[in-house]
Chemist: 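One structure, pasted below without further comment.
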Amino acid sequence: MMHFIALPRLARLGLAAVLTLLASCQKKEAATPDTATANTADSTITTFRHPGVVVSAASLNLVASQANAGDATRTAGYNKVVDYMNQYAVPTSFPAVVYVVGSGGSPTEDQIRRDCILAYACALRWVKTGSATYANHAKQILNGYAYNFQRYSTSPKPDGSPTEFRQTYLEAAWVAPTFVAAGEIIRYYQVNGTGAGWSATDVAKFSDFLNNLKNNYVNNVPGAISDTNNWQASYCYAKMALGVWFNSTTVYDSGYDYLLQIMPQLVYSDGAVKELRDRDCVHPQYTLTAMTYAAETARIQGNTALYEANGQLIKNGWNKFEDAEAGSYSRNCSGSQIFPGIETAYNYYGTAKLASLRDRQDPYGVSGDKTFLGFTSFTHRSIGTVR
C-alpha cells in the first residue's frame, strides 16, 4: 500500500502530478520499492549560508590550507581540478541555443555540461591559489552564459527519431546546480579578505539566466515522466541549489520537501536504487549523487535530515552499489566508473563499506558524461563536520 504525506510546498508542484509519480512506482517484483513513510517537514531555514551549495567557506578554507601546506592526499584531489582545466580551454563563445539529443549529445549540449564544471574548477583553483586569473576565468564562463544563453531546443537522436522536449528539463536540472555552486564561490568567497570582484550587474544577469533555467525547464521535471527515478532526484537537488542562490526558502523547500517525499520510492526493499536493478550501472548513480549533493547542501545549511532519512537510505543505496562493484549483486558493475558523490557520502557516514567503494577509484575528478560536479577528493575527503 502506498503512503504519502501532503506537504505544504508540494501543493505548488501540482497534486495530480505527485499522485501520478507515486502511483507509477508500485511494481510487483521480488524486491519492491520501499514505501515506508518519510518524516517530512520544511527545512526550517531562515537565513542561508553562503557559499552554500555542496561546499562552504569553512570547508574551502580547510582544504585550501591543507593543499597549500603540502598535504599529499589533498593535493592528489586538487590535481584532478588542474587536470580538468588542462584538458579544456576557457571558452570565448557561448551558445544562444543548446540542442539536446536524447541517448546522445550535441556540440552545444556537450559544451554547457563541460563549461559549468569548468567554471566550478576555476573557482576551486582560485580558492586554492588566490590567483585572480582563475576567478576571472570562472567569471568569463558564468557571464558568457548569463549574457548569451536564450533557450534549450532538441535535435534528433542518433537513430533519427525525435528527442522529446522533456529531455531539456533534465539537462537544465543537471547543469543548474553546478552553475550555482561555481557562482556561489565567485559571489561570496574571499581569499585573504579579497573577493572575486563579480559586479552587481553581472550577478543580476546571471540570476536572470538561472531564473530562465528554473522557470522554463527545471520546474517542469516532476510532471514530465510517469516514473520516479533520477529525474526527480536531480530536480530536487537543482531546486535546493537554486533556492540557496536566490535566498528563497520557497524554492529551496520545494526541492527539499519533495526529496524527502520521494526517497522511499527511489529504492527497492533490498536497498538498491531502482535503476541499478532495472537499467544499468550509471543511472542509479545519478540518483545517488543527486541525493548526496542535496543532503550535503542541506548539511551546510544546518540540517542533516536528508542524510538520516529512511534509515540512512542514501548510505544504503551506496552500499548496494558497492555490492554491484564487487560483483555480488544481480547486476555486476565491476569496473564501472564510480561517481564522485561517493567521496561526499563517505565523509558523512564514514563506514567501512563506503570506504571500500570510495577507495576503488579515488581520487575523484568528474564523471565521464559530466552530469554532476566533481573534484570531491579535493573538497570533501575527510573534512569531517566542518561546514
Side-chain angles (χ1 to χ4, degrees), residues 10 12-27 33 95-117 145 149-179 209-239 241-242 254-255 258-259 261-262 265-266 273-291 339 367-372:
L10 283 178
R12 281 186 281 276
L13 297 174
L15 182 58
V18 175
L19 288 170
T20 299
L21 290 171
L22 293 173
S24 70
C25 297
Q26 300 182 70
K27 296 186 178 182
V97 180
V98 172
Y99 291 93
V100 174
V101 177
S103 303
S106 75
T108 53
E109 181 183 339
D110 294 344
Q111 182 181 351
I112 195 171
R113 289 194 195 180
R114 178 176 69 243
D115 286 352
C116 64
I117 295 175
Y145 283 92
F149 177 87
Q150 296 178 11
R151 61 186 175 87
Y152 274 103
S153 188
T154 60
S155 290
K157 298 178 182 179
D159 64 4
S161 62
T163 296
E164 295 178 306
F165 192 76
R166 67 182 183 178
Q167 189 70 33
T168 65
Y169 308 155
L170 180 60
E171 289 289 333
W174 280 336
V175 302
T178 304
F179 273 120
F209 163 64
L210 293 179
N211 262 321
N212 185 356
L213 295 182
K214 173 172 66 71
N215 296 337
N216 296 312
Y217 304 98
V218 176
N219 282 353
N220 296 327
V221 168
I225 132 182
S226 60
D227 198 5
T228 304
N229 56 25
N230 73 90
W231 285 53
Q232 287 81 6
S234 298
Y235 160 85
C236 294
Y237 166 45
K239 286 301 290 286
L242 289 160
S254 66
Y258 193 31
L259 185 54
Q261 178 74 24
I262 66 170
Q265 297 303 312
L266 294 171
V273 173
K274 289 167 55 180
E275 289 158 298
L276 177 60
R277 241 193 52 200
D278 297 348
R279 192 167 184 178
D280 54 34
C281 299
V282 174
H283 288 80
Q285 292 194 82
Y286 292 165
T287 297
L288 287 169
T289 299
M291 289 195 297
F339 276 44
S367 63
D369 60 12
K370 301 176 181 62
T371 43
F372 294 89

Chemist: Closest heavy-atom contact between Ala172 and Pro177?
Modeler: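 Looking at all heavy atoms of both residues, the closest pair is O-CD, 4.5 Å.
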Chemist: Rounded to the nearest 0.5 Å, what separates atom CG in Asn216 from atom CG in Asn212?
Modeler: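 Asn216 atom CG to Asn212 atom CG measures 5.0 Å (nearest 0.5 Å).
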Chemist: Is the closest basic N to carboxylate O distance between Lys274 and Asp227 below 4.0 Å?
Modeler: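 Asp227 and Lys274: salt-bridged.
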Chemist: Can you give me the closest heavy-atom contact between Thr108 and Val97, atom names plus distance?
Modeler: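 What the structure gives for the nearest pair is CG2-O, 3.7 Å.
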Chemist: In Å and rounded to the nearest 0.5 Å, what is the CZ to OG1 distance from Arg279 to Thr287?
Modeler: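 If I round to the nearest 0.5 Å, the distance is 10.0 Å.
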Chemist: Would you say that Thr178 contacts Arg113 through its side chain, given a criterion of any heavy-atom pair below 4.5 Å between the two side chains?
Modeler: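 No, side chains not in contact.
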Chemist: Considering non-hydrogen atoms only, spot the tightest contact between Thr168 and Val100 and give its length.
Modeler: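 Answer, listing the atom of Thr168 first, then Val100: CG2-CG2, 3.9 Å.
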Chemist: Heavy atoms only: give me the nearest Tyr145-Asp115 pair and the separation to one decimal.
Modeler: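 Smallest interatomic distance, heavy atoms only, reads OH-OD2, 2.7 Å.
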Chemist: Report yes if the side chains of Asn230 and Glu275 come closer than 4.5 Å at any heavy-atom pair, otherwise no.
Modeler: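 Contact flag for Asn230/Glu275 side chains = yes.
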Chemist: Working note: Thr154 + Glu164, criterion side-chain hydrogen bond (donor to acceptor under 3.5 Å, both in side chains); need CA distance, chi angles, decisive distance, verdict.
Modeler: CA-CA 7 Å; Thr154 60; Glu164 295 178 306; over 6 Å; no
Chemist: Any heavy-atom pair between the side chains of Arg166 and Trp231 that's under 4.5 Å?
Modeler: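 Result yes, sub-4.5 Å side-chain heavy-atom pair found.
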Chemist: When rounded to the nearest 0.5 angstrom, what distance separates CG in Asp159 from OG in Ser103?
Modeler: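 Answer rounded to 0.5 Å: 7.5 Å.
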Chemist: Rounded to the nearest 0.5 Å, what separates atom CD1 in Ile225 from atom CD in Gln167?
Modeler: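 These two atoms lie 9.5 Å from each other.
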Chemist: Considering non-hydrogen atoms only, spot the tightest contact between Asn229 and Leu266 and give its length.
Modeler: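 Closest pair (atom of Asn229, atom of Leu266, distance): O-CD2, 3.5 Å.
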Chemist: Please step through side chain to side chain contact (heavy atoms under 4.5 Å, CB included) for the pair Asn219 and Tyr169, ending with a clear verdict.
Modeler: CA-CA 8 Å; Asn219 282 353; Tyr169 308 155; over 6 Å; no
Chemist: Measure across Glu109 and Val101 and return the closest heavy-atom pair with its distance rounded to 0.1 Å.
Modeler: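 For Glu109 and Val101, the tightest heavy-atom pair comes out as OE1-N, 2.8 Å.
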Chemist: Side chains of Ser367 and Phe372: does their closest heavy-atom pair fall under 4.5 Å?
Modeler: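 Answer no - side chains too far apart.
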Chemist: Just checking, any donor-acceptor pair under 3.5 angstrom between side chains of Thr163 and Lys157?
Modeler: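 The answer is no; no qualifying pair exists.
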Chemist: Over 60° means perpendicular and under 30° means parallel, so tell me whether Tyr217 and Tyr152 are parallel, tilted or perpendicular.
Modeler: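 Perpendicular.
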Chemist: For the atom pair CD (Gln111) and OH (Tyr99), what is the distance rounded to the nearest 0.5 Å?
Modeler: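 One finds 13.5 Å between CD of Gln111 and OH of Tyr99.
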Chemist: Might you work through the side chain to side chain contact (heavy atoms under 4.5 Å, CB included) test for His283 and Val273, ending with a clear yes or no?
Modeler: CA-CA 9 Å; His283 288 80; Val273 173; over 6 Å; no
Chemist: Could you grab the distance from atom NZ of Lys239 to atom OG of Ser234, nearest 0.5 Å is fine?
Modeler: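 Here the rounded value is 13.5 Å.
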Chemist: Answer whether the closest heavy-atom distance between the side chains of Tyr237 and Met291 falls below 4.5 Å.
Modeler: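 Contact flag for Tyr237/Met291 side chains = no.
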Chemist: Taking the side chain as every heavy atom from C-beta outward, state whether Ser254 and Tyr235 have any atom pair closer than 4.5 Å.
Modeler: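 Yes, side chains in contact.
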Chemist: Any luck finding a side-chain donor-acceptor pair between Asp369 and Tyr286 under 3.5 Å?
Modeler: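 Yes, because at least one side-chain N or O of Asp369 sits under 3.5 Å from a partner of the opposite role on Tyr286.
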Chemist: Between Phe179 and Phe209, does the ring centroid distance fall short of 6.0 Å?
Modeler: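 Yes; Phe209 has its ring centre under 6.0 Å from that of Phe179.
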